[in-house]
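Let me begin by presenting the structure, written as structure tokens, before commenting on it.
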Amino acid sequence: MNAWNRVTIFALAALAITSTLRAEEKVIPTDKLTKQNTSIKAVMKEAHKKPHEILKKTALGKSTKEEQKRLLALYKIMATHAPPKGDAKAWKTKTNLLVKATEAVIAGKPDAKKMLSKASNCKSCHTAHKQ
Ligand code: HEC
């Protein structure tokens, strides 16, 4: 191995470490979430994508109270954003349903999980509001 290869490997390793640290830094505490630091994309990533998938866990009754509160905070912020596409009123209706359903889960209402699954139809919202 020549010196340049060694330099490259070292640089890549350093880069990998810093990006891992950055990724961990990104978790904003629930009470610090704001419209400015939490985009719709960030909500999607945390609530709907692996590894967190708080929505799925919640709809299956497998989330903790903390996670449910986090989901609610994320959806509340999402509701205040303007959608990248589509009718603003329809967006409000959809996002408010998500907020209401998550509140119902937290309150332990019997049909809340069903409400949440219904309110979180990925395809219908993406067709209307995702570019
Ligand atoms: C209430 C509306 C709504 C619902 C419900 C919804 N999405 Fe989204 N989703 C959006 C919008 C709007 C975007 C585009 C955001 C942007 O481009 O800023 C998006 C983007 C995404 C992205 C891309 C994020 C990125 O980084 O580019 C993923 C992944 C995603 N959604 C997953 C899901 C999954 C999985 C579900 C169902 C479990 C779902 N979404 C349900 C509105 C919704």
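Hydrogens, waters and symmetry mates play no part in the numbers below; they use all other heavy atoms, side chains included. We count ligands from 1, going down the list as the structure has it; atoms in each ligand are counted the same way.
Residue contact check for ligand 1: Gln131 places no non-hydrogen atom closer than 4.0 Å to it.
A heavy-atom distance below 4.5 Å is not found between the side chains of Lys49 and Met44. Put simply, the side chain of Leu71 does not reach to within 4.5 Å of the side chain of Glu67, judged on heavy atoms. Proximity of Lys109 to Met115: side-chain heavy atoms (C-beta onward) are nowhere separated by under 4.5 Å. Looking at Leu55 and Thr58, their side chains never come closer than 4.5 Å, going by heavy atoms from C-beta outward. A heavy-atom distance below 4.5 Å is found between the side chains of Trp91 and Thr95.
Counting protein heavy atoms only, atom 13 (C) of ligand 1 is closest to Lys130 CG, 3.7 Å. When hydrogens are left out, the protein atom nearest atom 43 (C) of ligand 1 is Met44 CE, 3.0 Å; that is the closest non-hydrogen contact. Protein heavy atom in closest approach to atom 11 (C) of ligand 1: Ile40 CG2, 3.8 Å. Considering only non-hydrogen protein atoms, atom 24 (C) of ligand 1 sits nearest to Lys41 CG, 4.0 Å.
Within ligand 1, the atoms closer than 4.0 Å to a non-hydrogen atom of Asn121 are 5 (C), numbered from 1 in the order shown. Of all atoms in ligand 1, numbered sequentially from 1 with element shown, those under 4.0 Å from a heavy atom of Cys122 are 34 (C), 35 (C), 36 (C), 37 (C), 38 (C), 39 (C), 41 (C). Which parts of ligand 1 touch Lys45 is read off a 4.0 Å heavy-atom cut-off, strictly below it: atoms 26 (O). Per-residue contacts place Lys49 under 4.0 angstrom from the following atoms of ligand 1 (heavy atoms of the residue considered): 29 (C). Every atom of ligand 1 with a heavy atom of Leu55 under 4.0 Å away is listed here by number and element: 38 (C). Every atom of ligand 1 is numbered from 1 in the order shown, and the set under 4.0 Å from a heavy atom of Cys125 is 1 (C), 2 (C), 3 (C), 4 (C), 5 (C), 42 (C), 43 (C). For ligand 1 and Ser120, the ligand atoms under 4.0 Å from any heavy atom of the residue are 5 (C), 37 (C), 38 (C).
There is a side-chain donor-acceptor pair under 3.5 Å between Ser63 and Gln68. No side-chain donor from either of His48 and Lys56 sits under 3.5 Å from a side-chain acceptor of the other.
In this structure, Glu46 pairs ionically with Arg70, as a charged nitrogen and a carboxylate oxygen lie closer than 4.0 Å.
Heavy atoms of His48 found under 4.0 angstrom from ligand 1 belong to the backbone as well as the side chain.
Not a single N or O atom of Trp91, backbone or side chain, sits closer than 3.5 Å to an N or O atom of ligand 1.
Contact annotation: His126 places an N, O or S atom under 2.8 Å from atom 8 (Fe) of ligand 1.
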Run Leu98 and Met78 through side chain to side chain contact (heavy atoms under 4.5 Å, CB included) and show every step you take.
CA-CA 10 Å; Leu98 281 170; Met78 183 162 90; 3.6 Å; yes

Test side chain to side chain donor-acceptor pair (under 3.5 Å) on His129 and Lys94; report intermediate values, then the result.
CA-CA 10 Å; His129 300 292; Lys94 288 191 189 74; 3.1 Å; yes

